[in-house]
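What follows is a single structure, written as structure tokens, with notes after it.
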Amino acid sequence: MAITIVLSDEYKWVALALFSTQIMLAAQTMVVGKKRKLAKIKYPQLYAEKAEAEASRDAYIFNCAQRAHQNTLEVITPVITATILTSVYYPIAAAVGCGLFVVGRAFYTKGYLAGPDSRVKKGGFIGSLSSGGLLLGSALSLYKLFV
């Protein structure tokens, strides 16, 4: 049995939200590059060594920037997948969930760059909440596809 999917006019918001994830990742990449240069950490070294980070605030902040970006890379695939699946039946909810994830990641990254701070928790909370909503939306969409 074939399934035909018709994209509603609302789907443009899903496309915009998904595009915003690319902008977010590019921005994080640029921050990491800037912090790498300030810390004088040469490629291909992924992180500053513990002794480097303890001796230099720039090296410590580079590690924070790198970790915020790495953590985003670890979670972005499920978020994009859940956004696409949710959008099959709930395009506005998918766009809002994905958009909130990006906003949360912006706060998360900013907080991480400041060192241990509650802003990391707030950004992480926004991201986790939106990811959970997208997971629920994708489950509901899958249910509708199979029933």
Legend entry - Approximate separation, where rounding is to 0.5 Å, of Ile92 CD1 and Glu10 CD: 4.5 Å
Inset, instruction - State plainly whether one hydrophobic cluster holds both Leu113 and Leu38, where clusters connect Ile, Leu, Val, Met, Phe, Trp and Tyr through side-chain heavy atoms under 4.5 angstrom apart. - result: no
Legend entry - For Leu134 against Gly97, the heavy-atom pair lying closest together: CD1-C, 3.8 Å
Inset, instruction - Please determine if Arg57 forms a cation-pi arrangement with Tyr60, meaning its NZ or CZ atom is less than 6.0 Å from the six-membered ring centre and no more than 45° off the ring axis. - result: no
Legend entry - N/O donor-acceptor pair under 3.5 Å between Gln28 side chain and Thr72 backbone: no
Inset, instruction - Could you pull out the closest heavy-atom pair between Val14 and Ala94, with the gap in Å? - result: CG2-CB, 4.3 Å
Legend entry - Hydrophobic cluster identity match, Leu73 and Leu18, side-chain contacts under 4.5 Å: yes
Legend entry - Salt bridge present between Arg67 and Glu74 (N-O < 4.0 angstrom): yes
Inset, instruction - Decide whether Leu25 and Val75 are clustered together by the hydrophobic rule: side chain heavy atoms of Ile, Leu, Val, Met, Phe, Trp, Tyr closer than 4.5 Å, transitively. - result: yes
Inset, instruction - Flag yes if Ile41 and Tyr47 sit in one hydrophobic cluster, no otherwise; membership is Ile, Leu, Val, Met, Phe, Trp, Tyr, and two members link when side-chain heavy atoms are under 4.5 Å apart. - result: no
Inset, instruction - Please round to the nearest 0.5 Å and tell me the distance separating atom SG of Cys98 and atom CG of Leu16. - result: 9.5 Å
Inset, instruction - Could you pull out the closest heavy-atom pair between Ser87 and Tyr11, with the gap in Å? - result: OG-CE1, 3.2 Å
Inset, instruction - Would you check, one step at a time, whether the test side-chain contact (heavy atoms from CB on, under 4.5 Å) holds for Leu7 with Lys12? - result: CA-CA 9 Å; Leu7 300 178; Lys12 63 186 171 195; over 6 Å; no
Inset, instruction - Kindly indicate whether a cation-pi arrangement holds for Lys144 with Tyr89, taking the cut-offs as under 6.0 Å to the six-membered ring centre and within 45° of the axis. - result: yes
Inset, instruction - Examine distances only and state if a side-chain atom of Thr86 and a backbone atom of Ser138 form a donor-acceptor pair shorter than 3.5 Å. - result: yes
Inset, instruction - Dump the intermediate steps for side-chain contact (heavy atoms from CB on, under 4.5 Å) on Tyr108 and Asn71, then the final yes or no. - result: CA-CA 10 Å; Tyr108 179 85; Asn71 183 256; 3.4 Å; yes
Inset, instruction - Kindly work out whether a path of hydrophobic side-chain contacts (I/L/V/M/F/W/Y, heavy atoms less than 4.5 Å apart) joins Leu135 to Leu145. - result: no
Legend entry - Side chain Ser128, main chain Phe125, donor-acceptor under 3.5 Å: no
Inset, instruction - Mark yes or no for whether Ser141, through its side chain, and Leu85, through its backbone, hold a donor-acceptor pair below 3.5 Å. - result: yes
Inset, instruction - Give, for atom CZ of Phe101 and atom CD1 of Ile80, the distance between the pair rounded to the nearest 0.5 Å. - result: 8.5 Å
Inset, instruction - Tell me, with the steps shown, if Gln45 and Glu52 meet side-chain hydrogen bond (donor to acceptor under 3.5 Å, both in side chains). - result: CA-CA 12 Å; Gln45 190 173 337; Glu52 291 174 301; 2.9 Å; yes
Inset, instruction - Check for a donor-acceptor pair, side chain of Ser130 on one end and backbone N or O of Gly127 on the other, with a separation under 3.5 Å. - result: yes
Inset, instruction - Supply the atom-to-atom distance Ile76 CD1 to His69 NE2, rounded to the nearest 0.5 angstrom. - result: 10.5 Å
Inset, instruction - Nearest 0.5 Å please: distance from the CG atom of Asp58 over to the NZ atom of Lys34. - result: 11.0 Å
Legend entry - Contact summary for Tyr112 and Cys64, nearest pair of heavy atoms: O-CB, 3.3 Å
Inset, instruction - Specify the closest pair of heavy atoms between Gly123 and Phe107, including all atoms of both residues, with the distance to one decimal. - result: CA-CB, 3.8 Å
Inset, instruction - Could you tell me which non-hydrogen atom of Arg36 sits nearest to which non-hydrogen atom of Lys42, and how far apart they are? - result: NH1-O, 3.6 Å
